[in-house]
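For reference, the structure discussed in these notes is given below.
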Number of protein chains: 2
Amino acid sequence: MPPSRSLTARERARAELTSEIKAQARIQLAEHGAGGLSLRAIARELGMVSSAIYRYFPSRDDLLTALIIDACTDLGDAVEQAGKAHRKPRLRWRACCTAAREWALEHRQEYALIYGSPVPGYAAPQDTVAPAARVPLVLLDALRGAHHDGQLTPAFAGPALSLTLKAQVEAVAEATGTDLPADAVTRAILAWTQLFGMISFELFGQLVGSVDPSKPFFDHCVESMADFVGLPA
Amino acid sequence: MPPSRSLTARERARAELTSEIKAQARIQLAEHGAGGLSLRAIARELGMVSSAIYRYFPSRDDLLTALIIDACTDLGDAVEQAGKAHRKPRLRWRACCTAAREWALEHRQEYALIYGSPVPGYAAPQDTVAPAARVPLVLLDALRGAHHDGQLTPAFAGPALSLTLKAQVEAVAEATGTDLPADAVTRAILAWTQLFGMISFELFGQLVGSVDPSKPFFDHCVESMADFVGLPA
DNA sequence: GCAAAGTGTGAGCACTGCTCTCGTTGTGGA
DNA sequence: TCCACAACGAGAGCAGTGCTCACACTTTGC
């Protein structure tokens, strides 16, 4: 009975098996995609009976949800870490975008889990919203750096914000604790959708007939959008 | 034995049943999503035995592929028709973008089929590429209209195209038979990825914490991107 | 008129998610 | 130290799936 020092044997075993299941699930995910993920196959591979899995995950969808959350955190870590490596806002922006794409290329099925179509009757709305929000936060942070240096100068004025949009965006700014003007936040969200639109198109094969391989196009867009949001060269 | 005038009774029956199957499939698709599409359930609903379906579609994936192609054509029709309703390039651009979003909102599961994660070990690459290319073609066409009037003036210069990208984009221009400069085509592709990135984010629930409901944001982005590609007001 | 092709039937295989019961085993309190 | 209890794994079983096959029956084209 370890009072504070650690977990009981059973708890350790549980934690270990839980992550073993998830690891095996990730393997199957990479091989057969989200649709081909089978609890029975995982159990078989782990040398246990299928019903035992249900001691750890109440249902297949719960396993999927756990994988989604893990994937979000993993992607968030990758992007955050890439951002931290640079101080100059534009370099930071570049690094974040590139890191997102590279993570996606290395974890195709997990990316599809997060940004593809919601697989079941989509199970996981709330638990995944916080970890999924990390990437746009990092992008906003790059903008904030430039803004504080007085160097955030959008490439062109652009249309004025409607009242509803302005209110929404100001709520976002408040929630994320940023002091960027509504206009800049809006541009950042636009760039965010562009970034993941581009990555999704590349991964899901929508660009095959046109700009494929897509790295040159991707790099160009990252620069274009950096100009668009107003990051100094 | 109708020599030229029409199809034989069997052929008519076949065509009819084929589309009945697809219709029932679309119903199930809208209700349970792509993962929940069941051949047996379709057969049951149509009052036939499940194995009979295989006379019409060799496999579940083939049915899915047929649905994807139908969805692409449907979306393409909607966007093209919306485009045709306007002569002024910017209005045309607006109409196309809005039509794409509205179609997506009205056909969520079918949209997910086309632009979501490739469901199986993705089955359908070649047959779907032509119909899927129609939307970007319509967008390019709006640009072409402005270009011919000498009114296509991008909002800012933007980064220069790398050699590889330039070559790729010129190949796209040639393949689509447009005389737009490489720079304009690149901007159009960027806008295309932004458009569908935004729609996907809205449909797949990525915008819930931020700009939701998304119409104001969508409209703003459409205008922003119209400025970006250089469409005159 | 008749062989051939097309079509619906029903049984069956291998697989899935999930539930339930039944022994076993580790846990924490008395 | 013992013991009740919770957690756990095993195995059978249910309902559902995609898909195949041999079998009848009907339409087609020569």
Side-chain angles (χ1 to χ4, degrees), chain A residues 1-22 24-25 27-29 31-67 119-124, chain B residues 1-22 24-25 27-29 31-67 119-124:
Chain A
M1 53 189 82
S4 70
R5 115 165 154 280
S6 178
L7 308 90
T8 156
R10 193 171 250 172
E11 283 169 333
R12 279 198 309 108
R14 182 177 182 83
E16 197 165 322
L17 235 178
T18 305
S19 70
E20 259 182 62
I21 292 174
K22 287 201 286 189
Q24 185 59 41
I27 294 177
Q28 302 228 349
L29 189 67
E31 278 177 8
H32 313 107
L37 208 166
S38 149
L39 291 190
R40 292 183 111 109
I42 294 172
R44 214 177 298 130
E45 211 70 25
L46 260 50
M48 62 203 303
V49 133
S50 73
S51 58
I53 300 275
Y54 290 84
R55 301 284 182 194
Y56 299 85
F57 296 95
S59 82
R60 185 180 177 277
D61 283 4
D62 289 272
L63 214 199
L64 246 335
T65 307
L67 291 179
V119 201
Y122 57 64
Chain B
M1 54 188 84
S4 70
R5 112 163 155 282
S6 178
L7 309 90
T8 154
R10 192 172 254 173
E11 283 169 332
R12 277 197 311 108
R14 180 175 184 85
E16 196 165 321
L17 235 179
T18 304
S19 70
E20 260 181 62
I21 292 174
K22 288 201 284 188
Q24 185 59 42
I27 294 177
Q28 303 229 348
L29 190 67
E31 278 177 10
H32 312 108
L37 208 166
S38 150
L39 290 190
R40 291 183 112 111
I42 295 172
R44 213 177 299 131
E45 211 69 25
L46 260 50
M48 64 204 301
V49 133
S50 73
S51 57
I53 300 275
Y54 290 85
R55 301 285 182 196
Y56 297 85
F57 297 94
S59 83
R60 184 179 177 276
D61 283 4
D62 289 273
L63 212 200
L64 246 336
T65 307
L67 291 179
V119 202
Y122 57 65

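In what follows, every chain begins at residue 1, and chains take the letters A, B, ... in the order their sequences are listed. Hydrogens, waters and symmetry mates are skipped; everything else that's a heavy atom, side chains included, is used.
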Specify the separation, in whole Å, of atom [atom1] of [X] and atom [atom2] of [N].
X       : N      : atom1 : atom2 : value
B/Arg14 : D/dT28 : CZ    : C1'   : 14 Å
A/Tyr54 : C/dT16 : OH    : P     : 11 Å
A/Met48 : D/dC8  : CE    : C1'   : 9 Å
A/Leu37 : C/dC15 : CG    : P     : 17 Å
A/His32 : C/dC15 : NE2   : C1'   : 13 Å
A/Ile21 : D/dC8  : CD1   : P     : 10 Å
A/Glu45 : C/dC15 : CD    : P     : 14 Å
B/Leu46 : C/dT7  : CG    : P     : 15 Å

Please work out if [X] contacts a base, only the sugar-phosphate, or nothing of the nucleic acid, heavy-atom cut-off 4.0 Å.
X       : result
B/Ser50 : base
B/Ile42 : nothing
A/Leu17 : sugar-phosphate
A/Tyr56 : sugar-phosphate
B/Ser51 : base
A/Leu63 : nothing

- Query: Starting at the 5' end of DNA chain C and moving along, which residue's nearest nucleotide shows up first, A/Arg55 or A/Arg40?
  - Reply: A/Arg40
- Query: Within the distance-only criterion (no hydrogens, no angle test), does the side chain of A/Arg60 pair as donor or acceptor with the backbone N or O of A/Leu37 below 3.5 angstrom?
  - Reply: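 Yes; at least one donor-acceptor contact below 3.5 Å.
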- Query: Does a donor on one side chain sit under 3.5 Å from an acceptor on the other, for A/Asp62 and A/Ser59?
  - Reply: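 Distance-only check passes for A/Asp62 and A/Ser59.
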- Do B/Tyr54 and B/Leu39 have side chains that get closer than 4.5 Å, going by heavy atoms?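 Answer yes - side chains close enough.
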- Note, B/Ile27 side chain near B/Glu45 side chain (heavy atom, < 4.5 Å):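 Result no, sub-4.5 Å side-chain heavy-atom pair not found.
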- The residue, B/Arg44 or B/Ala9, whose nearest nucleotide of DNA chain D is more 5′ is B/Arg44
- Message: Restricting to non-hydrogen atoms, name the atom on B/Ala43 and the atom on B/Ile53 that form the minimum distance, rounded to 0.1 Å.
- Response: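 Here B/Ala43 and B/Ile53 meet closest at CB-CG1, 3.8 Å.
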- Message: Regarding C/dT7, can its base be found pairing with the side chain of B/Arg10 as donor and acceptor, where the two atoms are less than 3.5 Å apart?
- Response: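 For B/Arg10, whose side chain was compared with the base of C/dT7, there is no donor-acceptor pair (under 3.5 Å).
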